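Comments concern the structure below.
The structure presented is a predicted model; accordingly, all values stated were derived computationally and were not measured. Reminder, nothing fancy here: chain letters follow the sequence lines and each chain counts from 1.
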Protein chains: 4
Amino acid sequence: MKFDNHKAIFLQIVDLVTSKIANNDWLPDEKIPSVRDLGAELEVNPNTVMRAYELLQQKDIIYNKRGLGFFVKPMAAENIVKSKKKQFLEVDLPVFFKTMKVLNISIDEIIDQYHKIK
Amino acid sequence: MKFDNHKAIFLQIVDLVTSKIANNDWLPDEKIPSVRDLGAELEVNPNTVMRAYELLQQKDIIYNKRGLGFFVKPMAAENIVKSKKKQFLEVDLPVFFKTMKVLNISIDEIIDQYHKIK
Amino acid sequence: MKFDNHKAIFLQIVDLVTSKIANNDWLPDEKIPSVRDLGAELEVNPNTVMRAYELLQQKDIIYNKRGLGFFVKPMAAENIVKSKKKQFLEVDLPVFFKTMKVLNISIDEIIDQYHKIK
Amino acid sequence: MKFDNHKAIFLQIVDLVTSKIANNDWLPDEKIPSVRDLGAELEVNPNTVMRAYELLQQKDIIYNKRGLGFFVKPMAAENIVKSKKKQFLEVDLPVFFKTMKVLNISIDEIIDQYHKIK
DNA sequence: GTGGTCTAGACCACC
DNA sequence: GTGGTCTAGACCACA
């Protein structure tokens, strides 16, 4: 796997796992790869994967069973989508509108672009 | 001034100066604060301000007269707006549309929000 | 059964068995569940139960008859209570008093709480 | 410094720093030792100190200024004491009373012990 | 087999 | 100088 050099690898692993779960590639209560396996697959040190898993645990996306490994938390997929949506509507969108105003771009221009690209 | 600890301070100073100029707070060929003065005002090491000014010079937003200080480049304000607009239309907007799609948010919802906030 | 993920499972099984015996749920010389049965009931690997039983044997709480299983040692209940009491008076209580002092909590506050909760 | 081998070193460093701050050995907005310095002093790898500092940051006990180091958060001392007190009254104390009941120890015995030790 | 911790040493961006 | 990240390798307790 190729990583973006401007962002910490372990954070990119967090994103990777998050999207796997949001996409239902990994299902609730399913075991996810061990730190060693994922480390080998991504050609990354297991410690780096561990760091990502710790963060995912804090975010209530995965949980740990002693000696067995990490598992997808039930409802994680739903919660991920929900919190992303919240972030989009409450943070990204206001910023977006503000930028539009600063640059003097009308909502109609946006709608035009939207239909053109689509 | 309060800085966001997640972003390099000198980049935040670049943003600050850029927006001052874009807003016409600082006019073409007007002298901007010395690195010492701005450093003192922002409670930041002058080296850090210097680094911001160097970047702003590269971006053709300010220029230097040896022994006199830094000055706003003519047309800087216009160029800033132009490049921001380009960034917005060519980069931010596609990303924005992609996020909408991923989160299953329609253009109508966006329009609603726009009028509601306004 | 739900286990606390911060403590080794086999130690939690030790606690479980100990309290069963202290409570006279399991009587002297009575056979306790086999490692397989208890493992199945607790949804835990039998090896893990075995490890708990080994520790309980060392602590003179249960004994083994080869081919028959594990049995509650006579006087185990009494000894458990006795050693718990010793632990409480000689270790827990001094720690408790020290914490009170550090947090500046008086003995009267403790007494108040005691009667309030009761 | 001697560490207790049963508890992770970085957690013991968290405790150490926490108590320094609670004791007002390190005051609000004062710089605390760099990860390298404290690592050298404790004869521990700087990474291990870093891990402790990360946790302390999460707990709102210290904060970071880019390139300058870690600093004691204002009100950290008060908050530490407050949360310890809460833990004691809401968690430790009920457990303590329950143990008393199980072991058939009266509140009067506790009071006696208290005055005897004092 | 699993995670969890730690070391030694490296490199980087930033102040 | 500061933190922040990463690697390679080790050792441990636990299941």
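With rounding to whole Å, A:Asn64 atom CG is found 18 Å from E:dG1 atom P. Atom P of nucleotide F:dT7 and atom CE of A:Met50 are separated by 15 Å, given to the nearest angstrom. In this entry the distance linking CG of A:Asp37 with C1' of E:dT2 reads 10 Å, nearest Å. Rounded to an integer number of Å, the gap from CG of D:Leu42 to C1' of E:dC6 is 14 Å. The separation between D:Asn47 atom CG and F:dA8 atom P is 15 Å, rounded to whole Å. At whole-Å resolution of the value, CD1 in B:Ile13 and C1' in E:dC15 are 10 Å apart. To the nearest angstrom, C1' of E:dA13 lies 14 Å from CD of B:Gln12. Computed from coordinates, the A:Gln57 CD to E:dT2 C1' distance equals 13 Å when rounded to whole Å.
Ion pairing between a basic and an acidic side chain is recognised when a charged N comes within 4.0 Å of a carboxylate O; D:Arg51 and A:Glu54 show such pairing.
A side chain to side chain contact (heavy atoms under 4.5 Å, CB included) with A:Ile21 is found for exactly one of A:Thr18, A:Asp25, A:Val17, A:Asn23, namely A:Val17.
No engagement by A:Tyr53 is indicated, since no non-hydrogen atom pair under 4.0 Å with the nucleic acid exists.
With hydrogens and angles ignored, the 3.5 Å screen pairs no side-chain donor or acceptor of A:Asn24 with any backbone N or O of A:Ala77.
Both D:Pro46 and A:Lys65 lie near DNA chain E, and the one whose nearest nucleotide falls closer to the 5' end is A:Lys65.
B:Glu41 is listed as a side-chain neighbour of B:Leu38, based on a closest heavy-atom distance under 4.5 Å. The shortest distance between side-chain heavy atoms of B:Val44 and B:Phe10 does not fall below 4.5 Å.
The aromatic rings of D:Phe71 and D:Tyr63 lie parallel to each other, their planes meeting at an angle below 30°, with 60° marking the opposite boundary.
Judged by distance alone with a 3.5 Å cut-off, a donor-acceptor contact links the side chain of A:Arg36 to the base of E:dG3.
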*Under the ring pair (Phe, Tyr, Trp, His ring centres under 6.0 Å) rule, what do B:Phe88 and B:Phe96 come out as? Steps first, then yes or no, please.*
CA-CA 10 Å; B:Phe88 182 79; B:Phe96 181 81; 8.2 Å; no
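Listed candidates were E:dT7, F:dG3, E:dG3. Nearest to the side chain of A:Phe70 is E:dG3.
Rounding to the nearest 0.5 Å gives a distance of 10.5 Å between CD1 of B:Ile80 and CG of B:Asp60.
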What N/O pairs connect the protein and nucleotides 13-15 of chain F at under 3.5 Å? Give each pair on its own line.
residue, atom, partner, partner atom, Å
F:dC14, OP2, C:Arg51, NH2, 3.3
F:dA15, OP1, A:Arg66, NE, 3.4
F:dA15, OP1, C:Ile9, N, 3.1

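Heavy-atom neighbours of B:Glu43 CD from other residues, nucleotides or ligands within 6.0 Å: at or below the threshold of 12.
For DNA chain E, the stems formed by at least three consecutive Watson-Crick or G-U pairs, with both atom-pair distances below 3.5 Å, span E:1-14 with F:1-14.
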